[in-house]
S.K.: 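Here it is: the structure, laid out below.
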Amino acid sequence: MHSAVLLIEFGSIILGLGLLGRFAGRYRLSPIPLYLLAGLAFGEGGLLPLGASEEFVATGAEIGVILLLLMLGLEYTAGDLVTNLKSHYPAGLVDCAFNAVPGAVAALLLGWGPVAAVVLAGVTWISSSGVIAKVLGDLGRVGNRETPVILSVLVLEDLAMAVYLPIVTALVAGAGLMTGSITLAVALAAAGLVLFVAVRYGRLISRFVSSDDPEKLLLVVLGLTILVAGVAQQLQVSAAVGAFLVGIALSGEVAEGAHTLLSPLRDLFAAVFFVFFGLHTDPASIPPVLLPALALALLTAVTKIATGYWAARRAGISVKGRWRTGGALVARGEFSIVIAGLAVSAGIEPSLGPLATAYVLILVVLGPLTARFTEPLAMRLFRGRGNPDRPGDSAGLPGGADGTPRPAGAEASVGD
């Protein structure tokens, strides 16, 4: 009987997610807010709380996080990451200062303490690569000169995640200074070792994993990823970081083949993850934090626009491209929820989950709007300032505005 109820509940969840995804696709919306709302509707305090399938959904959600980070790692080679880090690290520092600090300050002002401040800093810092990639494709901006700048900021955020997640994992677990330092040292050593091995022996690793049979390739890559993620979690490093590093280590045809095979699985389990997060958020807990979430969303939308503008200006992009860069970076989504989920699971601050949910819901809807309208609105407000018609700002031209080539992997990242 229990098995039948589990199948009915889980089947209903998957069917509902599919219908919501179709609805979002029809209107060119991100499905993330709909998945979160579905979780709110069927979770604690919702319309029809689920019971039998909750444990199964929790496992699926964990796999969803692992696949999200694996697919992110597959987008970049180790060489891409090193090049971006050397060339664009100032933009990453500005991004962190402009967008992580407001979250940390907000948590302290709300009286949540230093651990919650570190968590909320990550929630407000990391943009949604998935939402941004989709918006760029929908708006036909894949070939724009500012697109490599946008991708560079996202890559730097992904790199920062490899360091940030172990820190958060140690903090929410209540680890002391010594334990936390050891955890961070292990994470950094592992990341450095994987990057070194990927640069020197990436072809050998890919050749070992490679297979002409899609079934065998899928099993080997998925099994290796989950195994490494489990070992990483056992070492208190974070399963997500382990999966990210596996993705970086794979390259060439293996990475492309794995990306094609795993994309449907990633989408399925990522959707389950968003529902699971919503299931553990009581809808009644959102109204008390709605105003702080709205204020924080508006503030960090402005700071993201400023970040993009600064990064594009540094790269020599024209005024119109600078505004488009800033507007495109506003959306938050999957990784903000991943970070908040760590704190929610550890019971750090009861209001943190609801605030993160409301914050992401606001910005995942606002993000596509700012990507589309920031540049024309700014041109109206600041007409006569700068030189918005500077040559070389049109779409479809190769390379950056300063004549530099587009970073390797840019097209693949946007096309996701």
S.K.: If the threshold is 4.0 Å, N to carboxylate O, is there a salt bridge linking Lys304 and Glu157?
M.R.: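 Salt bridge flag = yes for Glu157 with Lys304.
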S.K.: Could you tell me whether the side chain of Arg314 and the main chain of Ala91 form a donor-acceptor pair under 3.5 Å?
M.R.: no
S.K.: Indicate the atoms forming the closest heavy-atom contact of Leu290 with Ala358, along with that distance.
M.R.: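 Residues Leu290 and Ala358, closest heavy atoms: CD1-CB, 4.2 Å.
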S.K.: Provide the closest heavy-atom pair for Ile132 versus Ala328 in the form atom of the first, atom of the second, distance.
M.R.: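 What the structure gives for the nearest pair is CG1-O, 3.2 Å.
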S.K.: Can you tell if the side chain of Phe273 reaches within under 4.5 Å of the side chain of Ile337, non-hydrogen atoms only?
M.R.: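 Side chain of Phe273 against side chain of Ile337, heavy atoms only: contact under 4.5 Å found.
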S.K.: Answer yes or no: does atom CD of Glu349 have more than 12 heavy-atom neighbours from other residues, nucleotides or ligands under 6.0 Å?
M.R.: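 More than 12 within 6.0 Å, yes.
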S.K.: Between Tyr309 and Val319 (side chain of the first, backbone of the second, donor and acceptor by atom type, cut-off under 3.5 Å), is there such a pair?
M.R.: no
S.K.: Please determine which of Leu363, Leu20, Ile362, Val365 meets the side-chain contact (heavy atoms from CB on, under 4.5 Å) test together with Pro33.
M.R.: Val365
S.K.: Would you say Glu215 and Leu219 make side-chain contact, with heavy atoms under 4.5 Å?
M.R.: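 Contact flag for Glu215/Leu219 side chains = yes.
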S.K.: Please find the pair of heavy atoms, one from Gly367 and one from Val330, that lie closest to each other, and give the distance.
M.R.: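 Looking at all heavy atoms of both residues, the shortest contact is CA-CG1, 4.1 Å.
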S.K.: Going by side-chain contact (heavy atoms from CB on, under 4.5 Å), Arg332 matches just one of Thr300, Val123, Val364. Which one?
M.R.: Thr300
S.K.: For Asp95, is there any backbone N or O sitting under 3.5 Å from a side-chain donor or acceptor partner on Thr307?
M.R.: no
S.K.: Between Pro31 and Gly21, what is the shortest heavy-atom contact and its length?
M.R.: CB-CA, 4.4 Å
S.K.: Give the minimum heavy-atom separation between Val272 and Gly60, together with the two atoms involved.
M.R.: CG1-C, 4.0 Å
S.K.: Scan side-chain atoms only and decide if Thr303 and Asn99 contain a donor-acceptor pair under the 3.5 Å cut-off.
M.R.: yes
S.K.: Begin with the C-alpha distance, continue with both residues' side-chain angles, and end with the deciding distance and a verdict on side-chain contact (heavy atoms from CB on, under 4.5 Å) for Arg372 and Leu139.
M.R.: CA-CA 8 Å; Arg372 183 171 303 206; Leu139 296 178; 3.5 Å; yes
S.K.: Taking the six-membered ring for Trp and the full ring for Phe, Tyr or His, determine whether the centres of Trp323 and Phe382 are under 6.0 Å apart.
M.R.: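 Trp323 vs Phe382: aromatic centres under 6.0 Å.
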S.K.: Using atom types as modelled and distance alone, determine if a side-chain donor or acceptor of Tyr35 lies under 3.5 Å from a backbone N or O of Ala270.
M.R.: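 Answer holds: no.
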